[in-house]
2 protein chains.
Amino acid sequence: MSTKWLNYIVNKMKKTKDTSTETGILNAAKRVFIKKGMTGARMQEIADEAGINKAMLHYYYRSKELLFEAVFKNAFSMLAPKLNKVMNADVPLFKKIEDFTSSYISFVVKHPYIPTFVIQELNRNPDFVKNLVAEEHFPNIEVFKKQVEKCIENKTIKPINTEQLFINILALTIFPFIGAPLLMGFTRTNKKQYKDLMKQRKTEVAQFIINAIKV
Amino acid sequence: MSTKWLNYIVNKMKKTKDTSTETGILNAAKRVFIKKGMTGARMQEIADEAGINKAMLHYYYRSKELLFEAVFKNAFSMLAPKLNKVMNADVPLFKKIEDFTSSYISFVVKHPYIPTFVIQELNRNPDFVKNLVAEEHFPNIEVFKKQVEKCIENKTIKPINTEQLFINILALTIFPFIGAPLLMGFTRTNKKQYKDLMKQRKTEVAQFIINAIKV
DNA sequence: GTCTATAGCCAGATAGAC
DNA sequence: GTCTATCTGGCTATAGAC
């Protein structure tokens, strides 16, 4: 009886320890991969970042490739469902645009490297997209499409292709972060000034989009 | 006398040969670096692409780093002055926006990897920006700024921060290409369908921007 | 599960013949 | 200037002790 109980405790400790190491590795890997990309990242750096040994990385994830996949899916899963939720919410179109841009900019300010990372890696290997679509990781914009078409009928907004509108919304929210170094060069702003621009943006982009489409 | 003339011919032949190999290497390097990035590119692949030997790369450019720099500056110089010319041209604001988006989309269709490459590498090493600004490779948006402010005074357009407008224009023209794989996933389009979207875009983006700002 | 040590490979760079 | 052969170092991955 007491042996059983002891085993339970031991297993629990083991499990806790496992998990803590495993997620520690994943978090370290996220930091390194997201900053340096698949080809730029080094297993040694990930090990250092996790405060453990290189061999452990292989023990838990077998190869760099597999560790990368875990990181990529994790990062992607932070992007897509968020989008899904907002796009398919049951709120008026203009409010939806405001909600989305604002919440998305908040998200990117908190995780600045994620969109760049995802897009960079998708460009490196466009076949990823096929898998992600097949595994239904991509949100569906059908509800949004219906809503846009209804607004066009209503004459609430000017006629516009839903895909183009969707691309425009994403472009205006994501690009300022992906292109930050470039845009800081063009606008001659330093980090702080650029950050202020982004702050201002959070309240203003939605209005830009709404002005563009409202009738 | 005839020796001098002979030397001239020999030098010219040498020089021609040099240049042809040297630019051959640079072009091959552009193709490889722009597709794979600094960390993903391999010197061997560049040599193969140029149809010569790895040793030649070092003979002409000494190191991967220096070859990369040559490629990067070359690629960047294709982006920036184009922008400069349009931004500082002496045409009305709305026409300028139409000219820019249209000519820029044409350019990117022709050289699809360049913006992604430049932005990716600037993110990898943001210090590049400092050098580029210092060496005056970045176009100045002052003329554009004056023009926008004048239009706001005129009440031709709604009040808007020039930097935000500039960012919006770039975002709407560049992002659809950088984010192409991602956007193809969201919109469930294949390459051909997406290309058609971009074609349609070329004539429509400008109007979207103009609608957003016109009074 | 975690470590050290090392195998094995591959990439950038150079030496040296022609 | 151009080639082949080779050095050197760094990186992924594994073997094996504890």
Side-chain angles (χ1 to χ4, degrees), chain A residues 6-72 121 124-125, chain B residues 6-72 121 124-125:
Chain A
L6 198 62
N7 275 342
Y8 172 77
I9 295 292
V10 169
N11 280 332
K12 193 176 173 83
M13 284 174 70
K14 257 198 209 159
K15 207 163 187 179
T16 310
K17 217 174 180 186
D18 281 359
T19 309
S20 126
T21 304
E22 194 168 341
T23 59
I25 291 174
L26 191 65
N27 285 331
K30 273 175 73 171
R31 284 193 290 275
V32 176
F33 273 129
I34 286 176
K35 209 163 184 177
K36 311 225 163 157
M38 168 66 185
T39 58
R42 294 290 165 256
M43 294 296 264
Q44 184 60 60
E45 194 179 350
I46 296 172
D48 294 346
E49 181 82 19
I52 46 113
N53 195 277
K54 248 194 327 176
M56 286 283 88
L57 305 181
H58 291 95
Y59 178 79
Y60 281 102
Y61 291 91
R62 239 191 61 217
S63 71
K64 186 184 180 183
E65 187 67 32
L66 288 171
L67 179 54
F68 171 78
E69 268 179 42
V71 169
F72 183 81
E121 297 301 328
R124 193 175 62 85
N125 192 349
Chain B
L6 198 62
N7 276 340
Y8 171 77
I9 295 291
V10 168
N11 280 331
K12 194 178 174 82
M13 283 173 68
K14 256 198 212 156
K15 205 161 187 181
T16 309
K17 218 174 180 185
D18 280 0
T19 309
S20 128
T21 304
E22 194 169 339
T23 59
I25 290 173
L26 191 65
N27 286 331
K30 273 174 74 173
R31 284 192 290 276
V32 176
F33 272 129
I34 286 176
K35 209 164 182 178
K36 311 224 165 161
M38 168 66 184
T39 57
R42 295 290 166 255
M43 294 297 263
Q44 184 60 59
E45 194 179 351
I46 295 172
D48 294 347
E49 181 82 20
I52 46 113
N53 195 278
K54 245 195 328 177
M56 286 282 88
L57 304 181
H58 290 95
Y59 178 78
Y60 281 102
Y61 291 90
R62 242 191 61 217
S63 71
K64 185 184 182 185
E65 187 68 32
L66 288 171
L67 179 53
F68 170 78
E69 268 179 42
V71 169
F72 182 81
E121 296 301 328
R124 194 176 60 86
N125 192 348

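Hydrogens, waters and symmetry mates are skipped; everything else that's a heavy atom, side chains included, is used. Chain letters run A, B, ... following the sequence lines, proteins first and then strands; every chain starts at 1. In this text, all values refer to a predicted model and were calculated from it rather than measured experimentally.
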Review point. How would you list, by chain and number, every residue that makes a side chain to side chain contact (heavy atoms under 4.5 Å, CB included) with A:Ala70, sequence neighbours excluded?
Key: A:Leu26, A:Tyr61
Check your understanding: Rounded to the nearest Å, what distance is computed from the NE2 atom of residue A:His58 to the C1' atom of nucleotide D:dA13?
Key -> 5 Å
Check your understanding: Just how far, in rounded Å, is C1' of C:dG12 from CG of B:Leu66?
Key -> 13 Å
**Study point:** salt bridge (charged side-chain N to carboxylate O under 4.0 Å, His left out) against A:Lys64, all qualifying residues, sequence neighbours excluded
**Key:** none
Check your understanding: Do the side chain of A:Glu121 and the main chain of A:Met38 share a donor and acceptor less than 3.5 angstrom apart?
Key -> yes
Point to revise | Candidates B:Lys35, B:Lys30, B:Arg31 - the one meeting salt bridge (Lys or Arg N to Asp or Glu O under 4.0 Å) with B:Glu49 | key: B:Arg31
Revision key, fill the gap. Contact check, residues 24-46 of chain A vs DNA chain D, heavy-atom distance under 4.0 Å, returns A:Ala41, A:Arg42, A:Met43
Point to revise | Any side-chain heavy-atom pair of B:Leu67 and B:Tyr60 under 4.5 Å | key: no
Review point. If you pin A:Ser63 and B:Tyr59 to their nearest nucleotides in DNA chain D, which one's is more 5'?
Key: B:Tyr59
Revision key, fill the gap. Across all chains, not counting sequence neighbours, the side-chain hydrogen bond (donor to acceptor under 3.5 Å, both in side chains) partners of B:Glu69 are none
Practice item. Take the C1' atoms of the five end pairs on each side of the helix from C:dG1-D:dC18 to C:dC18-D:dG1, get both axes, and report the angle to 10 degrees. Key: 10°
**Study point:** side-chain hydrogen bond (donor to acceptor under 3.5 Å, both in side chains): pairs with one or both residues in residues 38-47 of chain A, sequence neighbours excluded
**Key:** A:Lys36-A:Glu45, A:Thr39-B:Thr39, A:Gln44-A:Asp48
**Study point:** Spacing of A:Lys64 atom NZ relative to C:dC10 atom P, expressed in whole Å
**Key:** 14 Å
Check your understanding: Heavy atoms, side chains only, cut-off 4.5 Å: are B:Val71 and B:Val32 in contact?
Key -> no
Exercise for review: Could you check how far CD of B:Glu65 sits from P of C:dG12, rounded to whole Å?
Suggested key: 12 Å
Exercise for review: Could you check how far CG of B:Leu57 sits from C1' of C:dA13, rounded to whole Å?
Suggested key: 11 Å
Study note, to complete from the structure: residues 39-58 of chain B vs ring pair (Phe, Tyr, Trp, His ring centres under 6.0 Å), sequence neighbours excluded, gives none
Review point. In residues 48-56 of chain A, what residues come within less than 4.0 Å of DNA chain D, judged by heavy atoms?
Key: A:Lys54, A:Ala55
Exercise for review: With sequence neighbours left out, write down each residue that passes side-chain hydrogen bond (donor to acceptor under 3.5 Å, both in side chains) with A:Ser63, or none if nothing qualifies.
Suggested key: none
Exercise for review: Output all residues satisfying side-chain hydrogen bond (donor to acceptor under 3.5 Å, both in side chains) with B:Lys54, sequence neighbours left out; order by chain, then residue number.
Suggested key: none
